[in-house]
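Just below is one structure, and these are the notes that go with it.
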Number of protein chains: 2
Amino acid sequence: MSSESKAMFTPIKGSRTFEEVSDQIKKLIFDGVFKPGDKLLPETELAQQFNVGRQSIREALRILELSGFITIQKGGGGGAVIKDTISSTISRLFLDAFQMEKITIEELTVARFEIEKTVLKYAIANADETDLKRLQENVDDACKKIEANINVIDENIHFHNLLARASKNHLFIIVVEAVTTAVRHFMRQLGPDAEFSDDKKWYNENIIQSKTTLAYHREILSAVIEKNLNKAVDTLENHLQEVKNRLQPFAR
Amino acid sequence: MSSESKAMFTPIKGSRTFEEVSDQIKKLIFDGVFKPGDKLLPETELAQQFNVGRQSIREALRILELSGFITIQKGGGGGAVIKDTISSTISRLFLDAFQMEKITIEELTVARFEIEKTVLKYAIANADETDLKRLQENVDDACKKIEANINVIDENIHFHNLLARASKNHLFIIVVEAVTTAVRHFMRQLGPDAEFSDDKKWYNENIIQSKTTLAYHREILSAVIEKNLNKAVDTLENHLQEVKNRLQPFAR
DNA sequence: TCACATTTGTCCGTATGTATC
DNA sequence: AGATACATACGGACAAATGTG
């Protein structure tokens, strides 16, 4: 107990069986014993191996599932499969934070601009051919879909995730994905089901907005290719300012 | 089903009872029906109300607990209490991401500097008397503890959280807390239990490092008070560079 | 200090739904 | 279509922890 003097407030293990089970499995994943794609034993066998009841196993699996370590499928041949979905798990919690009104649209917009500004700096420095190709495909794809009158919210959101990926910094990638997930959530609420706007009117406006966004994305991409940071940042600022106006209905 | 045409990939509800239960309770929290401090009914009564088995209730509570919506205590007078711990939940997941080696020390340091640089900008613009007082108390507290030979990792980490709080942007607060939680985790691994370093030697070095950190924090604080952004950023850069060197053992 | 009630934690047995072959 | 394998779900029971009188 030599470390006991260090005054650390890490709480004592809750003495809960299912936590010990989930911790043990989590540790095996950290240590690489279980790799993505591996399938865990069925609940009944896990219960035997750990010498605990099935309920404890189930609650442990619930924890691992919600923490982004496994996915679970029902039915024959199903079961718990190791799969890394931590990023999307963090994004989901960010969305919860928004719905708990812990973050406002204003705060989101400010932080998003600042973070993506930094992302652009590193994207210009670190983007390789694959990144630029993905970004180019993204805008081309969005363009085609707009002409075919297909909604492009997902593509337009994904452009920002691709930019973050080009920065080669996984922390930025995770944070940007969390932010864009929240933005997409609000964007979807602006759909044709929203009050006082008939479908046709919304649809025309949506097309116009999509084209505007696409134009901004094209300009940002060309600025990244030219390695022109100032141009990229300026365009991003105008772009996000416009996005902010669109999200204004959710402002408090 | 008019929204069905919008091609959104929100998956169908998993048809899992415990998910429906947790979703319903979560919604009641979002809508303010349940407020922080409120206590949920006992598991058996919840099972009756929802007309489901107790096992489903337990798994639903597990989800809410892990998502940061409730805390649970055993024993008489215990139970599930509404409590907002989303921030610390996000921090925990970030730590998982590190242990899954999704983020490196290099990436952490770079992102941390960029984000805290921005935080300083907004802290200088938005900090009020209370923020400055808290920061001052933090450095004073750390100073006293160093003189009393008490470890000040927690205080020194908290300084950065207080800076983020002064920026008045909750997104920055959440991200900075996630980052500092990871840093603290690594710092603690550098304790006297680490290999090839006897306690006394580590202890002396720890004192020196604490004093160095304290000096940096004092200078950053005075720069914030003077509203001198350049000085604050320069000091932060030197500070984080030194922290990075200390974390080098974990670099891959 | 000592029961006692309350509530979570845990296990077992059993039944049902669902996906795969 | 039928058999199999698996998660999902219910009910009952007891153990353990914690606050109360």
Side-chain angles (χ1 to χ4, degrees), chain A residues 10-26 28-29 34 36-83 85 89, chain B residues 9 11-26 28-29 34 36-83 85 89:
Chain A
T10 327
I12 304 300
K13 274 286 159 54
S15 80
R16 304 205 277 187
T17 318
F18 62 83
E19 273 185 346
E20 271 186 40
V21 172
S22 68
D23 281 348
Q24 278 195 42
I25 296 178
K26 199 194 277 191
L28 290 174
I29 296 175
F34 292 140
D38 288 355
K39 192 151 73 178
L40 261 52
L41 292 171
E43 291 175 355
T44 50
E45 295 188 41
L46 283 176
Q48 289 176 356
Q49 297 260 346
F50 281 100
N51 195 29
V52 297
R54 286 192 296 286
Q55 172 116 22
S56 298
I57 295 293
R58 281 188 65 76
E59 291 183 35
L61 293 181
R62 211 56 59 227
I63 290 179
L64 294 172
E65 185 184 27
L66 211 75
S67 300
F69 289 107
I70 63 174
T71 58
I72 297 177
Q73 278 187 329
K74 290 189 287 194
V81 178
I82 311 291
K83 192 175 176 185
T85 61
T89 301
Chain B
F9 297 105
I12 303 300
K13 274 286 157 55
S15 79
R16 306 205 276 188
T17 18
F18 63 81
E19 271 186 347
E20 271 185 41
V21 171
S22 69
D23 282 348
Q24 277 196 43
I25 296 177
K26 198 193 277 189
L28 290 174
I29 296 174
F34 292 138
D38 289 354
K39 191 151 71 178
L40 260 52
L41 292 171
E43 293 175 354
T44 49
E45 293 189 43
L46 283 177
Q48 288 176 356
Q49 298 259 346
F50 282 100
N51 195 30
V52 297
R54 204 183 138 214
Q55 179 166 29
S56 299
I57 296 293
R58 281 189 61 78
E59 291 182 40
L61 293 181
R62 209 57 57 226
I63 290 179
L64 294 172
E65 185 184 27
L66 212 76
S67 300
F69 289 106
I70 63 173
T71 59
I72 298 177
Q73 278 188 329
K74 286 193 288 192
V81 178
I82 310 290
K83 192 174 177 185
T85 61
T89 301

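All values below were derived from every heavy atom in this structure, side-chain atoms included, with hydrogens, water molecules and symmetry-related copies excluded. Every chain is numbered from 1, with letters handed out A, B, ... down the list of sequences. Predicted model, so just to flag it, every value in this text is computed and none were measured.
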query = Does anything in residues 36-48 of chain A reach DNA chain C, meaning a heavy atom under 4.0 Å, and if so which residues?
reply =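 Nucleic-acid contacts, sorted: none.
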
key: Test salt bridge (Lys or Arg N to Asp or Glu O under 4.0 Å) applied to R54(B) - qualifying residues, sequence neighbours left out   =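 Counting only residues at least two positions away or on another chain, R54(B) forms a salt bridge (Lys or Arg N to Asp or Glu O under 4.0 Å) with E43(B).
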
query = What's the spacing between E19(A) CD and T17(A) OG1 if we round to 0.5 Å?
reply =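 Going from the CD atom of E19(A) to the OG1 atom of T17(A) covers 9.5 Å.
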
message = Please report the distance, rounded to the nearest Å, between CZ in R58(B) and C1' in dT8(C).
response =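 The answer, rounded to whole Å, is 6 Å.
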
message = Output the rounded distance in Å from CD (E19(A)) to P (dG9(C)).
response =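 So the two atoms are 9 Å apart, to the nearest Å.
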
query = Is a side-chain donor-acceptor pair under 3.5 Å present for K26(A) with S67(A)?
reply =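 S67(A) vs K26(A): no donor-acceptor pair found between side chains.
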
key: 5' to 3' contact window, DNA chain D with chain B (heavy-atom distance under 4.0 Å)   =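 Endpoints of the contacted stretch of DNA chain D: dT8(D) to dG19(D).
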
query = Which comes earlier along DNA chain C counting from the 5' end, the contact point of I57(A) or that of G79(B), where each point is its nearest nucleotide?
reply =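 Closest to the 5' end, via its nearest nucleotide, is G79(B).
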
request  = Could you tell me whether a side-chain N or O of K39(A) sits under 3.5 Å from a main-chain N or O of G77(A), the two making a donor and an acceptor?
outcome  =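 Yes, the answer is positive, given that a donor and an acceptor are paired below the 3.5 Å cut-off.
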
task = Starting from the C-alpha separation in whole Å, work towards a yes-or-no answer on salt bridge (Lys or Arg N to Asp or Glu O under 4.0 Å) for R62(B) and E59(B).
result = CA-CA 5 Å; R62(B) 209 57 57 226; E59(B) 291 182 40; over 6 Å; no

request  = Would you please name every residue forming a side chain to side chain donor-acceptor pair (under 3.5 Å) with Q55(B), sequence neighbours left out?
outcome  =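 Testing Q55(B) for side chain to side chain donor-acceptor pair (under 3.5 Å), a comparison that skips the adjacent residues, returns none.
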
message = Applying side-chain contact (heavy atoms from CB on, under 4.5 Å), can you list everything that pairs with E45(A), at least two apart in sequence or on another chain?
response =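 Partners of E45(A) by the side-chain contact (heavy atoms from CB on, under 4.5 Å) criterion, ordered by chain and then number, come out as L41(A), P42(A).
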
message = Please identify which of these residues, L61(B), I72(B), V81(B), meets the side chain to side chain contact (heavy atoms under 4.5 Å, CB included) condition with L40(B).
response =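 So, applying the side chain to side chain contact (heavy atoms under 4.5 Å, CB included) to L40(B) and each of L61(B), I72(B), V81(B), only L61(B) qualifies.
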
inquiry  = Can you give me the closest heavy-atom contact between F18(A) and A60(A), atom names plus distance?
reply    =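 Result for this residue pair: O-CB, 3.4 Å.
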
request  = Specify the closest pair of heavy atoms between T89(B) and G68(B), including all atoms of both residues, with the distance to one decimal.
outcome  =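 Heavy atoms only, the tightest pair is OG1-CA, 3.5 Å.
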
remark   = Protein-proximity profile, nucleotides 13-21 of chain C, B/S/- by nucleotide at the 4.0 Å heavy-atom cutoff, equals BB---BBS-

inquiry  = Categorize I72(A) for me: base, sugar-phosphate, or nothing, with a 4.0 angstrom heavy-atom threshold over every strand shown.
reply    =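 Sugar-phosphate, backbone atoms only, no base.
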
